[in-house]
Amino acid sequence: MIEHPDGTRTPLIDASVHIFAASNADLRGFLREPYRSRGFPDYEMDWYGAPGGEYAPGAEGPAGQYPGSDPDVVAAHLFADRGVDVAVLHPMTRGVMPDRHLGSAIAAAHNEILVSRWLEHPEHGERFRGTIRVNPDDLAGALKEIERWKDHPRVVQIGVPLQSRELFGKPQFWPLWEAAIDAGLPVAAHIEVGSGIAASPTPSGGTRTYEQYVSFMACNYLYHLMNMIAEGVFERMPSLKFVWADGGADLLTPFIWRMDTFGRPHLEQTPWAPEMPSDYLPDHVYFVQGAMDGPGETEFAGEWFGFTGKDDMVMYGSSYPHWQCNELSVPSTFSAEQRDKLCWRNASALYGIEVPAVPAAAGAH
């Protein structure tokens, strides 16, 4: 529970907590041969490093384990210090590996860590929910992982890397999205760590600095989303729910306005997607609120949050233990209903998470 400046208290669901293996040696303990002996990049092997360090201070384990790898440390920071009621865990793996079999093995190892070490933790497990990681480059392996874990009561979504060499609306991905629907689980796309192979973070190629990278990388969801709408994915799969887990909801409104401008004139080119593009957003598209999202504390923050129905799509996420470790910041111009949707209602409805509800004060800001 958290207390707001107006004196009301609401539950808090953290929809984006990043977890890691304690070390490469720890991860190898969950791999089977021939992959246990293979080389693969460390979490830190990427081209863009945050100038002040990748992770928040104090996130390491008691023996110096990798940040975000010790359930007790994470639970203390989230539940005791930050007032989080339930945390949705997103294992960080290694992006898209050149060898799809190795990529699937690494994802499967992280899933075993997620379930055995976190979701079934004797003290904190009931407050954790999990994202099982699958490799979109290995459809057979991905479907096997979904089948393996879909019935675990604390698994609430399927995770794929935002970095992808192909757009997610293309037919080769459809069996994966259909499997997610059959499992009753949303799909979350998250920027991956490590140095896997992927397309450039912008349409104009690589960026020079971390600041440019972190500002523009999340925008790649726009290309995936526009492609999924144009390919008729949501028309074909009305139960599919997709979470863009690295923010960028504030960019949705201007881009979907542009798509709607051509929605009707281009209908003859996309007869399989007969609705206006914006009509495919409700009940399909969700976002985790990032540290850089939105106009901030402005008089029009609540109004902007309501445009395009974003207030029904956005969920709070801390990105713990990464450096930004987003503190919950609710603009004063949000209505009480908007605040509750951001803090817990949207995540509760999407993931089926029950939390002790405290009614918002009518008309509170």
(request) Start with the C-alpha distance between Arg165 and Val96, add both sets of side-chain angles, then the distance that settles side chain to side chain contact (heavy atoms under 4.5 Å, CB included), and finish with yes or no. (result) CA-CA 9 Å; Arg165 290 169 291 175; Val96 180; 3.7 Å; yes

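- Ser23 contributes a side-chain N or O that, together with a main-chain N or O of Asp26, makes up a donor-acceptor pair within less than 3.5 Å.
- The cluster map of Ile, Leu, Val, Met, Phe, Trp and Tyr, joined by side-chain heavy atoms under 4.5 Å apart, puts Tyr280 and Trp272 in different clusters.
- Looking only at side-chain heavy atoms (C-beta outward), Met92 and Tyr66 stay at 4.5 Å or farther from each other.
- In this structure, the separation between CG on Asp293 and CG on Asp250 is 4.5 Å, given to the nearest 0.5 Å.
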(request) Assess whether side chain to side chain contact (heavy atoms under 4.5 Å, CB included) is satisfied between Arg154 and Glu126, documenting all intermediate values. (result) CA-CA 8 Å; Arg154 291 175 183 157; Glu126 64 182 15; 3.6 Å; yes

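- Side-chain contact between Val233 and Phe173: absent, with no pair of heavy atoms (C-beta onward) separated by less than 4.5 Å.
- Note on Met226 and Leu240: same hydrophobic cluster, where clusters join Ile, Leu, Val, Met, Phe, Trp and Tyr whose side-chain heavy atoms are under 4.5 Å apart, directly or indirectly.
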(request) Kindly determine whether Phe255 and Leu225 satisfy side chain to side chain contact (heavy atoms under 4.5 Å, CB included), including the steps that lead there. (result) CA-CA 10 Å; Phe255 274 89; Leu225 177 59; over 6 Å; no

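- Hydrophobic clustering keeps Val214 apart from Phe216 (ILVMFWY residues linked when any side-chain heavy atoms are closer than 4.5 Å, directly or through intermediates).
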(message) The test is side chain to side chain contact (heavy atoms under 4.5 Å, CB included); show your working for Thr270 and Glu235 and say whether it passes.
(response) CA-CA 11 Å; Thr270 58; Glu235 177 73 24; over 6 Å; no

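- Between the side chain of Asn135 and the backbone N or O of Ala142, no donor-acceptor pair lies under 3.5 Å.
- For the atom pair NZ of Lys150 and CG of Asp182, the computed distance is 7.0 Å after rounding to the nearest 0.5 Å.
- Closest approach of Asp70 and Val73 over heavy atoms only: OD1-N, 3.0 Å.
- Arg127 places no side-chain N or O within 3.5 Å of a backbone atom of Ala87 that could act as its donor or acceptor partner.
- Using a 30° and 60° split on the angle between ring planes, Phe168 and Phe242 fall in the tilted class, from 30° to 60°.
- When side chains are defined from C-beta on, Ile191 counts as touching Tyr213, because their heavy atoms get closer than 4.5 Å.
- Phe287 contributes atom CZ, which lies 14.0 Å from atom OG of Ser16 (distance to the nearest 0.5 angstrom).
- At distances below 3.5 Å, at least one donor-acceptor pair connects side-chain atoms of Gln163 with backbone N or O atoms of Glu192.
- One N or O on the side chain of Arg28 and one on the backbone of Arg38 form a donor-acceptor pair closer than 3.5 Å.
- In this structure, Tyr316 contributes its side chain and Asn326 its backbone to a donor-acceptor pair below 3.5 Å.
- Here SG of Cys219 is found 7.0 Å from OH of Tyr223. Values are rounded to the nearest 0.5 Å.
- Note that OG of Ser239 is 12.0 Å distant from CZ of Phe234, once rounded to the nearest 0.5 Å.
- Within a 6.0 Å sphere centred on CZ of Arg100, other residues, nucleotides and ligands contribute 12 heavy atoms or fewer.
- Minimum heavy-atom separation, Leu114 to Thr131: CD2-O, 3.3 Å.
- The environment of Arg36 atom CZ is dense: over 12 non-hydrogen atoms of other residues, nucleotides or ligands sit within 6.0 angstrom.
- Annotation for Asp312: atom CG counts as buried by contact number, over 12 foreign heavy atoms lying within 6.0 Å.
- Annotation: His121 is not in aromatic contact with Phe128 [ring centroid separation under 6.0 Å not met].
- Under a cut-off of 6.0 angstrom, the local environment of CD in Glu297 is crowded, with over 12 non-hydrogen atoms contributed by other residues, nucleotides or ligands.
- Results of the side chain to side chain contact (heavy atoms under 4.5 Å, CB included) test with Val88 over Val243, Ile353, Leu350, Asp14 single out Ile353 as the only residue that passes.
- Judged by distance alone, the side chains of Thr333 and Glu299 never bring a donor and an acceptor atom under 3.5 Å apart.
- Side-chain atoms of Glu145 do not come within 3.5 Å of backbone N or O of Ala107 as any donor-acceptor pair.
- Side chains of Arg133 and Pro161 form a contact here, defined as non-hydrogen atoms less than 4.5 Å apart.
- Residue-environment remark: NZ (Lys170) exceeds the threshold of 12 foreign heavy atoms within 6.0 Å.
- The shortest non-hydrogen separation linking Phe334 to Gly302 is CD1-CA, 3.7 Å.
- In this structure, the ring of Tyr55 has its center less than 6.0 angstrom from the ring center of Phe20.
- Side chain of Gln212 to backbone of Arg208: a donor-acceptor contact under 3.5 angstrom is found.
- Atoms OG and OH, on Ser104 and Tyr35 in that order, are 8.0 Å from each other to the nearest 0.5 Å.
- A 4.5 Å side-chain heavy-atom check between Arg117 and Phe30 finds at least one atom pair inside the cut-off.
- Here the shortest heavy-atom pairing between Cys343 and Pro11 reads CB-O, 3.7 Å.
- You'll find the side chain of Thr253 reaches within 4.5 Å of the side chain of Lys310, heavy atoms only.
- Panel note: side chain Glu33, backbone Ser37; a donor-acceptor pair is recorded below 3.5 Å.
- Residues Trp149 and Glu112 form a side-chain contact, since some pair of their non-hydrogen atoms from C-beta on lies under 4.5 Å apart.
- Under the 4.5 Å side-chain heavy-atom criterion for ILVMFWY residues, a single connected hydrophobic cluster contains both Leu31 and Val134.
- Of the N and O atoms on the side chains of Glu178 and Trp174, not one donor lies less than 3.5 Å from an acceptor on the other residue.
- Of the residues His110, His322, His90, the one that meets the ring-ring contact (aromatic ring centres under 6.0 Å, His included) test with His18 is His322.
- Just one of Val288, Leu162, Asn220 meets the side chain to side chain contact (heavy atoms under 4.5 Å, CB included) condition when paired with Trp244; it is Leu162.
- Of all the heavy atoms in Ala15 and Met315, the pair that sits closest is CB-CB, 4.0 Å.
- Between Asp72 and His124, the side chains place a donor N or O and an acceptor N or O closer than 3.5 Å (distance only, hydrogens not considered).
- Judged purely by atom type and a 3.5 angstrom limit, Arg32 has no side-chain atom pairing as donor or acceptor with the backbone of Gly29.
- The nearest pair of heavy atoms linking Asp311 to Asn346 is O-ND2, 3.0 Å.
- Residues Leu281 and Leu252 form a side-chain contact, since some pair of their non-hydrogen atoms from C-beta on lies under 4.5 Å apart.
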